[in-house]
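Notes follow once the structure below has been shown.
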2 protein chains.
Amino acid sequence: MLRLGSRTGYDIKQKIEISTRFFWGASYGQIYPELKRLAAAGLVEAAQDPRGGVKRTAYRLTPAGERVLHEWLTDRGHQLFEMRDEALLKIFFGDLLTDEELLENVRARREWCERTLELFRGIDDMAVTGWGPRESPTEALHYGLELMEWMRDWYARKERELTARARRVRRAGTTARRPR
Amino acid sequence: MLRLGSRTGYDIKQKIEISTRFFWGASYGQIYPELKRLAAAGLVEAAQDPRGGVKRTAYRLTPAGERVLHEWLTDRGHQLFEMRDEALLKIFFGDLLTDEELLENVRARREWCERTLELFRGIDDMAVTGWGPRESPTEALHYGLELMEWMRDWYARKERELTARARRVRRAGTTARRPR
DNA sequence: GCCACCATGTAATCGGTTACATGATTAA
DNA sequence: TTAATCATGTAACCGATTACATGGTGGC
């Protein structure tokens with residue numbers, strides 16, 4: 001983020017929120033100590049840059065920092081990939097619920113996707129400036145947007161399948177299925 | 001997992017690996033202590049169930065455990081959702097790479113998706129038994145499978161875009177773009 | 001005899017969040 | 001005046017992984 005124009009810890013945090021947050025977030029409790037560690041390691045340089053009476057610490061990469069960044073960027077060794085999706089977990093233990101309860105979970109999740117999409121579109125609409133000549137970080141948001149659309153569609157399909165099943169069950173004159 | 005037929009900590013771990021692992025994993029270092037905590041809280045019951053000379057502890061839900069499980073399953077309050085995708089992060093800092101380096105990253109990621117898909121399909125092909133009358137946990141795997149297909153397609157599209165750009169650049173007689 | 005698998009566990013560590021505290025600046 | 005935003009920081013905590021240790025069973 002420093003390399004793309006961010007200067008302060010606060011600044012970095014804002015940039016994360018409008019770009020990578022969806023697949024790589026960070027909190028102040030992580031950012032500030034990390035900046036200090038990087039400075040101690042000689043990968044970034046701190047400079048006092050007060051704004052009026054506000055003390056402000058501006059960071060930038062050192063040549064060593066640039067080098068390490070580029071090494072990381074081109075390292076194709078093992079790369080971390082993980083997800084935690086609690087709502088999905090609940091849906092996959094759907095056997096333990098009635099059809100009605102399960103459908104309600106699926107619907108709630110689809111609506112969450114819808115709301116998250118609105119949020120992302122809102123971020124996308126405010127013209128994001130200060131990113132430098134190219135636009136890759138905006139693409140990060142688009143990845144999130146498109147992935148969220150995929151998720152919404154997946155849940156919408158499930159919803160249709162479940163309502164179709166409910167209709168079949170009703171037609172057959174049986175009561176709604178109960179968990180085993 | 002206990003509710004779906006798993007009995008030992010080891011058993012739970014295997015089940016996770018072939019079902020929810022993609023969006024909710026767990027290690028032994030988490031499972032065994034957690035089973036003890038649940039037992040202390042009265043939510044599960046432990047019974048010694050030795051297999052020959054091997055000591056083995058089989059767990060099952062208590063009525064209180066069933067209750068708490070159902071409460072969790074139907075609770076539509078805040079539900080955790082997070083991702084960490086290192087490779088994607090590198091691609092979104094692609095501005096700092098040459099077109100060749102970036103393309104290589106995208107290609108490597110697409111191939112990783114391809115390999116992961118093969119892995120998932122392998123798991124899917126072995127008939128998974130011991131899941132009880134319904135099949136929701138298998139659907140977990142299918143969600144992972146379909147999501148991974150979406151990711152593969154996304155990277156494949158990026159790959160095409162980048163190669164098309166490289167061709168245009170070559171036709172225009174300029175050299176490959178360098179990072180700013 | 002050996003390897004793969006079944007089975008259980010823990011200590012050290014780590015990456016990260018939450019909650020809290022402080023205070024200046026700017027726009028309504 | 002007040003609220004929002006800019007700005008920095010830390011202590012307590014937590015969920016989780018990694019690495020290690022141990023040992024039995026079953027099939028080749």
Side-chain angles (χ1 to χ4, degrees), chain A residues 1-2 5-18 20-41 44 46-60 72 77-86 89 123 126 129-130, chain B residues 1-2 5-18 20-41 44 46-60 72 77-86 89 123 126 129-130:
Chain A
M1 289 297 180
L2 291 177
S6 299
R7 310 183 68 239
T8 69
Y10 184 84
D11 205 2
I12 289 169
K13 171 74 167 161
Q14 313 316 307
K15 286 281 163 66
I16 287 172
E17 289 309 303
I18 58 164
T20 65
R21 164 222 203 192
F22 181 65
F23 56 89
W24 204 285
S27 61
Y28 289 120
Q30 201 185 346
I31 292 167
Y32 287 113
E34 186 61 33
L35 283 169
K36 288 192 172 174
R37 277 191 294 270
L38 288 170
V44 301
Q48 288 314 310
D49 180 25
R51 213 48 155 203
V54 190
K55 73 167 178 174
R56 197 164 71 147
T57 313
Y59 292 89
R60 59 172 209 194
W72 172 74
H78 174 73
Q79 322 208 34
L80 191 139
F81 179 84
E82 48 175 65
M83 267 179 94
R84 294 261 151 187
D85 189 337
E86 192 179 354
L89 199 57
I123 296 169
M126 14 177 262
T129 51
Chain B
M1 288 299 179
L2 291 177
S6 298
R7 310 185 68 238
T8 69
Y10 185 83
D11 205 1
I12 289 169
K13 171 73 168 161
Q14 312 315 305
K15 285 280 163 64
I16 288 172
E17 289 309 302
I18 59 164
T20 65
R21 166 220 202 192
F22 181 66
F23 56 88
W24 206 285
S27 64
Y28 288 121
Q30 203 185 347
I31 292 168
Y32 286 113
E34 186 61 32
L35 283 170
K36 288 192 173 175
R37 277 191 293 269
L38 288 171
V44 301
Q48 289 313 309
D49 179 27
R51 213 51 158 197
V54 190
K55 72 168 177 172
R56 199 165 68 145
T57 313
Y59 293 88
R60 57 170 209 195
W72 173 74
H78 175 74
Q79 322 209 35
L80 192 140
F81 179 84
E82 45 175 70
M83 266 179 94
R84 294 263 151 185
D85 190 337
E86 192 179 353
L89 199 58
I123 295 170
M126 16 177 261
T129 52

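Each chain gets a letter, A, B and so on, in the order its sequence line appears, and its residues count up from 1. Predicted, not measured: the structure shown is a model, and the values here were computed from it.
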In whole Å, what is the span from the [atom1] atom of [X] to the [atom2] atom of [N]?
X	N	atom1	atom2	result
B:Ile16	D:dA16	CD1	P	11 Å
A:Glu17	C:dT17	CD	C1'	13 Å
A:Gln48	D:dT8	CD	C1'	11 Å
B:His78	C:dT17	NE2	P	12 Å
B:Leu80	D:dA16	CG	C1'	13 Å
A:Glu34	D:dT10	CD	C1'	16 Å

Using side-chain heavy atoms (C-beta onward) and a distance below 4.5 Å, is B:Thr57 in contact with B:Tyr32?
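They are not in contact (no side-chain heavy atoms under 4.5 Å apart), so the answer is no.
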Is there a side-chain contact between A:Leu80 and A:Trp24 (heavy atoms, below 4.5 Å)?
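Yes; the side chains approach each other to less than 4.5 Å.
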Working to the nearest 0.5 Å, report the span between [atom1] of [X] and [atom2] of [Y].
X	Y	atom1	atom2	result
A:Arg21	A:Ile123	CZ	CD1	5.5 Å
A:Leu38	A:Ile31	CG	CD1	11.5 Å
A:Asp85	B:Glu82	CG	CD	10.5 Å
B:Gln30	B:Lys13	CD	NZ	9.0 Å

Sorted by chain and number, sequence neighbours left out, ring pair (Phe, Tyr, Trp, His ring centres under 6.0 Å) with B:Tyr10 holds for none
Bend across the helix from C:dG1-D:dC28 to C:dA28-D:dT1, to 10°, with axes taken over 5 pairs at each end?
30°
Who pairs with B:Arg84 by side chain to side chain donor-acceptor pair (under 3.5 Å), at least two apart in sequence or on another chain?
none
Does B:Glu86 have any side chain to side chain donor-acceptor pair (under 3.5 Å) partners at least two apart in sequence or in another chain, and if so, which?
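Counting only residues at least two positions away or on another chain, B:Glu86 forms a side chain to side chain donor-acceptor pair (under 3.5 Å) with A:Trp72.
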Closest non-hydrogen atom pair between A:Ser6 and A:Lys15, with its separation
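Heavy atoms of A:Ser6 and A:Lys15 come nearest at OG-CG, 3.3 Å.
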Residue met sooner reading DNA chain C from 5', once B:Glu82 and A:Gly53 are mapped to nucleotides
B:Glu82
Exceeds 12 heavy-atom contacts within 6.0 angstrom, atom CZ of B:Arg56
yes
Using a 4.0 Å heavy-atom cut-off across all strands, classify B:Arg84 as base, sugar-phosphate, or nothing.
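Sugar-phosphate contact only - B:Arg84 comes under 4.0 Å of backbone atoms but never of a base.
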Please produce a list of atom pairs where a protein N or O lies less than 3.5 Å from an N or O of nucleotides 5-14 of chain C.
unit_1: C:dC6; atom_1: OP2; unit_2: B:Tyr10; atom_2: OH; d: 2.9
unit_1: C:dA7; atom_1: OP1; unit_2: B:Arg56; atom_2: NH1; d: 2.6
unit_1: C:dT8; atom_1: OP1; unit_2: B:Thr57; atom_2: N; d: 2.8
unit_1: C:dT8; atom_1: OP1; unit_2: B:Thr57; atom_2: O; d: 3.4
unit_1: C:dT8; atom_1: OP2; unit_2: B:Gly9; atom_2: N; d: 3.4
unit_1: C:dT8; atom_1: OP2; unit_2: B:Tyr10; atom_2: N; d: 3.3
unit_1: C:dT8; atom_1: OP2; unit_2: B:Tyr32; atom_2: OH; d: 3.0

Taking only nitrogen or oxygen atoms into account, show me every contact under 3.5 Å that the protein makes with nucleotides 26-28 of chain C, one pair per line with its distance.
none

